[in-house]
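In what follows, residues are counted from 1 in the order of the sequence shown.
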Amino acid sequence: MRQQKFRPTRDAVRRAMISSLLTLALAAVSTAANAAPPALTFSDTEVTMTAAQAGKIVYFGVAREFYDAGVTVTPYSGIGEAKAGETVVVTPRRGVSPSALWAAIDLTSGEVAISYPDGSPVDVTTIEGDP
């Protein structure tokens with residue numbers, strides 16, 4: 001019997017990614033008032049996070065990646081350290097997937113940046129039901 005591959009819809013993946021990242025972001029405690037969040041920028045091969053102030057940046061990413069044999073959901077996470085204005089660069093093995101969601105949390109201030117590589121806005125009001 002031929003095994004069928006699980007193929008989640010784009011909306012289901014986005015809802016799960018947003019829910020997971022917002023849960024993690026809400027766990028971060030804000031310790032500095034009026035601090036700017038880290039800036040997220042993307043190229044075809046790298047995710048760059050620019051620190052607004054010196055300290056550690058925790059990053060999370062979830063990508064839906066397509067292969068010849070199907071599709072898979074790949075998580076990314078880590079901690080980088082940078083001085084104010086410096087960058088932390090992440091280079092995913094297969095490049096930056098256009099159907100990914102990335103978040104960067106400044107551990108010093110608790111500020112959070114969440115973005116898609118294509119620059120489309122993250123609309124948290126569309127989350128419905130139990131992901």
Side-chain angles (χ1 to χ4, degrees):
M1 178 187 285
R2 186 175 177 192
Q3 183 180 11
Q4 292 186 352
K5 299 210 182 300
F6 173 69
R7 296 176 192 250
T9 65
R10 184 177 180 138
D11 287 341
V13 171
R14 280 192 171 190
R15 280 195 309 271
M17 289 188 294
I18 291 171
S19 296
S20 299
L21 293 172
L22 286 178
T23 300
L24 293 169
L26 292 175
V29 178
S30 182
T31 58
N34 301 324
L40 283 164
T41 55
F42 304 91
S43 72
D44 290 339
T45 58
E46 295 179 336
V47 178
T48 304
M49 294 154 277
T50 305
Q53 57 190 12
K56 292 183 178 180
I57 296 176
V58 175
Y59 62 87
F60 303 95
V62 179
R64 188 171 65 161
E65 298 175 336
F66 297 92
Y67 300 92
D68 293 337
V71 65
T72 185
V73 175
T74 306
Y76 298 95
S77 63
I79 300 174
E81 191 158 354
K83 295 180 182 173
E86 290 185 352
T87 60
V88 173
V89 178
V90 178
T91 307
R93 191 176 82 230
R94 293 186 167 263
V96 177
S97 172
S99 58
L101 179 66
W102 287 87
I105 303 169
D106 183 327
L107 287 184
T108 303
S109 68
E111 290 295 318
V112 178
I114 302 174
S115 182
Y116 296 114
D118 66 2
S120 61
V122 178
D123 184 6
V124 296
T125 60
T126 60
I127 299 174
E128 296 176 11
D130 187 17

Asker: Which heavy-atom pair separates Pro38 from Ile57 by the least distance, and what is that distance?
Answerer: CB-CD1, 4.2 Å
Asker: So which heavy atom on Ala63 is nearest to which on Tyr76, and how close?
Answerer: CB-CE1, 4.1 Å
Asker: For a quick test of reading the model, state the closest non-hydrogen atom pair linking Arg64 to Ser99 and the distance between them.
Answerer: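 Shortest heavy-atom contact: O-OG, 2.8 Å.
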Asker: Going by distance alone, is a donor N or O of one side chain under 3.5 Å from an acceptor N or O of the other, for Thr108 and Gln53?
Answerer: no
Asker: Of all residues at least two apart in sequence or in a different chain, which pass the ring-ring contact (aromatic ring centres under 6.0 Å, His included) check with Phe66?
Answerer: none
Asker: Looking at Ile105, Val58, Asp106, which hits side-chain contact (heavy atoms from CB on, under 4.5 Å) with Val112?
Answerer: Ile105
Asker: Please round to the nearest 0.5 Å and tell me the distance separating atom OG1 of Thr74 and atom CZ of Arg94.
Answerer: 8.5 Å
Asker: Grab the two heavy atoms, one from Val96 and one from Thr45, that are nearest each other, plus how far apart they are.
Answerer: CG2-C, 3.8 Å
Asker: Please check: side-chain N/O of Thr87 versus main-chain N/O of Thr48, any donor-acceptor pairing under 3.5 Å?
Answerer: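 Not a single qualifying donor-acceptor pair exists.
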Asker: Tell me whether Val62 shares a hydrophobic cluster with Ile79, the cluster being built from Ile, Leu, Val, Met, Phe, Trp, Tyr side chains joined at under 4.5 Å.
Answerer: yes
Asker: Provide the closest heavy-atom pair for Ala100 versus Pro117 in the form atom of the first, atom of the second, distance.
Answerer: O-CD, 3.1 Å
Asker: So do Ser115 and Trp102 actually touch side chain to side chain, heavy atoms under 4.5 Å?
Answerer: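 Result no, sub-4.5 Å side-chain heavy-atom pair not found.
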Asker: State, to 0.1 Å, how close Val88 and Ala82 come at their nearest heavy-atom pair, and which atoms those are.
Answerer: CG2-CB, 4.0 Å
Asker: Please report the interatomic distance CD(Glu46) to OG1(Thr91), rounded to the nearest 0.5 Å.
Answerer: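 Rounded to the nearest 0.5 Å, the CD-OG1 separation comes to 4.0 Å.
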Asker: I want to check something: taking the side chain as every heavy atom from C-beta on, are Val90 and Tyr59 in contact at a cut-off of under 4.5 Å?
Answerer: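 Counting from C-beta outward, Val90 and Tyr59 do come under 4.5 Å.
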